[in-house]
Engineer: 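One structure is given below, represented as structure tokens, and several questions about it will come after.
Model, not experiment: these values are computed from the prediction. Letters go in sequence order (proteins before strands), and every chain restarts at 1.
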Amino acid sequence: MPRFSQETGRLVATLVSLADGVADLVRDGAVVALEGFTHLIPFAAGHEIIRQGRQDLTLVRMTPDVIYDQLIGAGCARRLVFSWGGNPGVGSLHRFRDAVQHAWPRPLELEEHSHAGMANRYVAGASGLPFAVLRGYTGTDLPARTDNVRPITCPFTGEILTAVSALRPDVTVVHAQRADRAGNVQMWGITGVQKEAVLAAHRSLVTVEEIVDELHPVPGQVVLPGWAVSAVAEVPGGAHPSYAHGYSVRDNDFYRAWDAVSRNRDTFRAWLDQHVHRAGAAA
Amino acid sequence: MPRFSQETGRLVATLVSLADGVADLVRDGAVVALEGFTHLIPFAAGHEIIRQGRQDLTLVRMTPDVIYDQLIGAGCARRLVFSWGGNPGVGSLHRFRDAVQHAWPRPLELEEHSHAGMANRYVAGASGLPFAVLRGYTGTDLPARTDNVRPITCPFTGEILTAVSALRPDVTVVHAQRADRAGNVQMWGITGVQKEAVLAAHRSLVTVEEIVDELHPVPGQVVLPGWAVSAVAEVPGGAHPSYAHGYSVRDNDFYRAWDAVSRNRDTFRAWLDQHVHRAGAAA
Amino acid sequence: MADWTADEMMTVAAARQLRDGAACFVGIGLPSTAANLARATHAPNLVLVYESGCLGAKPDRLPLSIGDGVLADTADAVVSVPEVFNYWLQPGRIDVGFLGAAQLDRYGNINTTVVGGDYDAPKVRLPGAGGAPEIAASCGEVVVIVRQNLRTFTERVDFITSVGYGTGPGDRERLGLRGGGPRVVITDLGVLEPDPITCELTLTRLHPGVTRAQARAATGWDLVLAEGLTTGEPPAARELAVLRALEATKSDGRRQ
Amino acid sequence: MADWTADEMMTVAAARQLRDGAACFVGIGLPSTAANLARATHAPNLVLVYESGCLGAKPDRLPLSIGDGVLADTADAVVSVPEVFNYWLQPGRIDVGFLGAAQLDRYGNINTTVVGGDYDAPKVRLPGAGGAPEIAASCGEVVVIVRQNLRTFTERVDFITSVGYGTGPGDRERLGLRGGGPRVVITDLGVLEPDPITCELTLTRLHPGVTRAQARAATGWDLVLAEGLTTGEPPAARELAVLRALEATKSDGRRQ
């Protein structure tokens with residue numbers, strides 16, 4: 001969806017508001033990946049998805065944590081494709097468990113993988129390949145639970161390895177530190193699997209701490225050219241309670257507090273009502 | 001070959017002289033990759049290999065250019081595994097052509113690939129996999145000339161793609177801007193396929209512009225931890241006539257002049273004698 | 001009454017397993033605590049690798065998550081998540097992998113996926129695999145840290161998330177797993193190691209003050225006691241002091 | 001007598017093929033010259049992708065090699081060589097691929113490997129494939145720039161390094177090649193385009209001052225002239241001025 005800018009004549013990502021970006025790119029029933037490996041998690045975009053009442057989403061994410069607990073508890077998800085679902089360093093995700101164990105607020109189908117498998121599924125998607133090869137899953141009970149993990153034989157050595165099918169989300173949403181007005185996106189610190197998740201997706205939405213006139217190089221940066229991104233929305237603090245390296249620090253107290261908030265359906269609903277629904281598209 | 005440092009108690013790359021590093025790591029008959037994609041080409045290490053009179057090497061490199069023209073003309077190579085052999089922007093490699101067309105100074109076996117194929121062969125080697133998958137070679141005459149390119153069927157879609165076998169050089173040699181005393185290596189600018197080539201090899205030798213007490217982060221840097229590198233040698237200017245971004249510029253005049261020097265066997269031998277053999281291990 | 005807790009003893013015992021200079025793949029929780037304790041005591045040059053892509057991280061406090069900024073700030077290199085698994089873990093570059101477990105069987109197979117009921121309607125849904133299956137497959141050796149009780153030490157795990165010795169001798173080779181598998185299991189009661197012939201986890205060390213009977217009573221299979229079963233050293237004063245100082249930094253997570 | 005050379009006409013004609021804003025995979029030599037001419041004239045926002053990993057390079061002079069520092073210094077992003085092929089070229093993110101040729105046949109198949117003799121003892125050993133096979137396979141379309149003569153325009157290429165339309169209609173689909181293949185071939189005599197039905201390269205435009213007879217005489221197969229064969233525009237004064245200024249920067253390579 002990069003547009004050909006009339007003023008610059010260049011293929012650029014569209015600069016949008018968070019509300020418009022989510023309305024345009026995240027549709028009911030879509031396969032949606034919100035990525036960010038502990039760092040740069042697009043919480044604000046997740047909250048906007050909840051506010052807009054998206055339904056029947058297939059949520060994809062290596063490490064579904066608090067933001068997916070919220071999306072699942074809010075009833076947005078029909079299916080979850082993941083490799084580790086917990087509150088890092090704190091414990092379980094109670095909304096996630098409630099959905100799996102008691103189908104509340106609705107049943108949640110699961111497809112689970114290992115981190116290595118998920119990462120390689122994104123790599124295959126980003127590479128325009130139908131599958132990737134790894135040494136993984138062997139001897140575990142995981143392959144019996146999905147059609148997306150199969151043995152593959154090396155055509156040179158005869159060795160049997162593991163193939164995983166490519167992940168191609170309808171849309172990937174990530175948060176980054178900066179973008180320029182052409183939609184070139186710059187992120188640094190722990191950049192996880194975000195590049196692969198964006199390039200694997202048919203369309204992408206990037207929220208950023210700030211939009212600047214010029215991107216100055218930063219050590220450890222990953223830059224996504226504007227012509228490879230669909231839309232960019234300026235959302236300062238859009239990763240909170242996760243963080244944006246150089247802009248904010250991880251709000252560990254929030255993650256700890258979430259355990260109590262999420263244990264009980266009523267306290268969760270109250271939290272959601274106050275902090276997401278009433279918060280409006282301000283976030 | 002990283003050693004356990006007595007003073008620091010840490011796994012570190014050995015700091016060596018260029019002569020000792022080549023003597024220890026590059027043996028007659030070995031499979032040797034000198035990588036560097038136009039930038040950071042380890043010329044000094046190549047000259048040391050010539051000075052030490054290595055024989056029967058299988059030389060591996062995506063873009064054999066002037067340094068391989070010199071190694072081939074000096075008679076060090078029995079076999080060349082490559083994807084593009086020329087003098088970038090100037091023309092042919094005359095020593096390479098003389099070896100292939102007239103077996104001078106000795107016959108040269110060739111195994112050739114595409115860039116995408118070679119890059120993925122290094123990726124497979126670095127990943128501990130026996131092969132990699134790509135969309136490549138299809139419909140060309142290249143697969144008929146090597147055993148290392150074969151069709152592979154996607155276990156999910158049935159689509160037929162191309163598999164290339166992993167490259168595992170006995171030793172990879174690269175040049176970088178800096179290393180610290182623990183052998184942590186830092187390079188930036190165009191870093192090509194060097195990380196993959198080093199990680200794919202059984203052992204590695206890195207020449208650097210300078211060894212520093214501390215590596216300060218640089219935008220676009222690639223850092224190879226000392227525990228993943230065998231040996232590091234300080235060789236200022238060791239990439240000339242290639243360059244080290246931030247330290248020197250590419251000596252394009254040398255590349256242009258090489259065309260005349262290398263056209264004729266005698267002028268080549270005279271050049272080799274004066275600029276490599278007599279230069280001693282100073283370079 | 002000892003002046004240290006069973007968890008402290010367990011963490012200290014795990015830290016002692018790590019030799020200086022080794023490259024260690026650590027998850028959050030007890031593994032990260034033990035690895036950082038080792039780095040702060042006898043193994044100052046331990047190379048900590050976190051699945052978030054931080055190679056050689058040197059945190060001065062315990063990160064609450066594997067993605068805390070302190071890990072990136074202090075790392076020798078920060079790489080992508082696909083790279084940490086494909087270029088660093090998979091080829092066997094990591095010496096030691098640290099794993100926890102919700103269930104563990106006599107062959108060191110680990111379950112962190114589901115407990116009870118069946119897979120589609122489990123009694124307890126656990127976080128899942130994360131990096132564990134490939135850590136268990138590819139690290140030079142695996143150190144398991146887990147509290148020992150009948151819920152955890154089970155005759156059979158409800159789901160094999162990560163493979164130890166499978167069904168016994170030769171299984172890892174048959175499966176083509178290149179890493180050495182679980183070399184030691186550290187619990188709050190003692191230390192178990194695989195029998196060289198049978199691969200079955202046997203009790204080789206008790207923590208001070210723990211009896212054989214307690215260890216057997218906390219094990220869901222007929223636990224074999226190794227000949228030469230010993231009692232380990234209690235935590236040294238320095239080990240305890242450093243561990244407690246590290247634990248104290250946890251509450252301090254916001255100051256990154 | 002025209003005040004421009006055939007090579008200048010060829011480069012200008014190639015530059016005119018590039019629409020502003022497109023992503024273009026360029027090799028060194030005429031393709032790089034033409035792409036930078038386009039960027040300096042009608043296509044200021046052309047995205048230049050070099051196989052050295054420079055995405056969106058904006059050189060202010062002609063690099064002698066695809067790895068010149070100016071490409072990294074001016075790029076939107078510099079990525080590894082595996083990444084530029086796997087994440088950027090292979091999935092079809094590049095609109096236009098620019099290729100040269102030592103031999104070219106009527107279906108736009110290209111040889112840059114060996115000429116004459118047989119593969120193991122060739123008369124002329126050429127540089128080889130480089131990035132060309134996958135550029136030809138995966139770019140949205142391919143623009144070939146090559147001087148037209150009997151040595152180059154051959155009935156059959158001695159080695160297929162890069163596939164055009166193979167043996168004719170349907171071949172690219174049969175081979176599973178996802179890119180569109182050669183859309184246009186720019187020579188020093190004119191412009192050839194594949195016939196929509198037969199896929200055979202037919203002459204659609206002559207450069208000013210070139211005759212049909214000259215074009216046929218320089219082609220090693222019975223060259224079909226398209227109905228509506230036209231004569232192209234000569235280089236505009238501005239195109240020539242910019243091109244010559246660019247060429248002048250070549251000699252200036254050391255000042256990076």
Engineer: Sort out for me which of B:Cys154, B:Gly128, B:Ala124 touches chain A most, counting heavy-atom pairs under 4.5 Å.
Structural biologist: B:Cys154
Engineer: Identify which of B:Ser127, B:Pro217, B:Pro130 forms the greatest number of heavy-atom pairs closer than 4.5 Å to chain A.
Structural biologist: B:Pro130
Engineer: Just verifying a value: how many Å separate A:Asp147 CG and B:Phe156 CZ, rounded to the nearest 0.5 Å?
Structural biologist: 8.5 Å
Engineer: Looking at B:Val218, B:Thr157, B:Val223, which has the largest count of heavy-atom pairs under 4.5 Å with chain A?
Structural biologist: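 When all of B:Val218, B:Thr157, B:Val223 are compared, B:Val218 has the most.
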Engineer: Less than 4.5 Å to any heavy atom of chain B: does that hold for the side chain of A:Glu159, its backbone, both, or neither?
Structural biologist: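 Only the side chain of A:Glu159 comes within 4.5 Å of chain B.
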Engineer: Measuring heavy-atom distances to chain A, does B:Leu129 have an atom under 4.5 Å in its side chain, in its backbone, in both, or in neither?
Structural biologist: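 When you check distances to chain A, atoms from both the backbone and side chain of B:Leu129 fall under 4.5 Å.
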Engineer: Please name the pair of heavy atoms, one in A:Pro151 and one in B:Pro155, separated by the smallest distance, quoted to 0.1 Å.
Structural biologist: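 Closest approach of A:Pro151 to B:Pro155: O-CB, 4.2 Å.
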Engineer: What verdict does the side-chain contact (heavy atoms from CB on, under 4.5 Å) test give for A:Ile152 and B:Thr153, after you've listed the backbone C-alpha separation in whole Å, the side-chain angles of each residue and the deciding distance to 0.1 Å?
Structural biologist: CA-CA 9 Å; A:Ile152 188 164; B:Thr153 304; over 6 Å; no
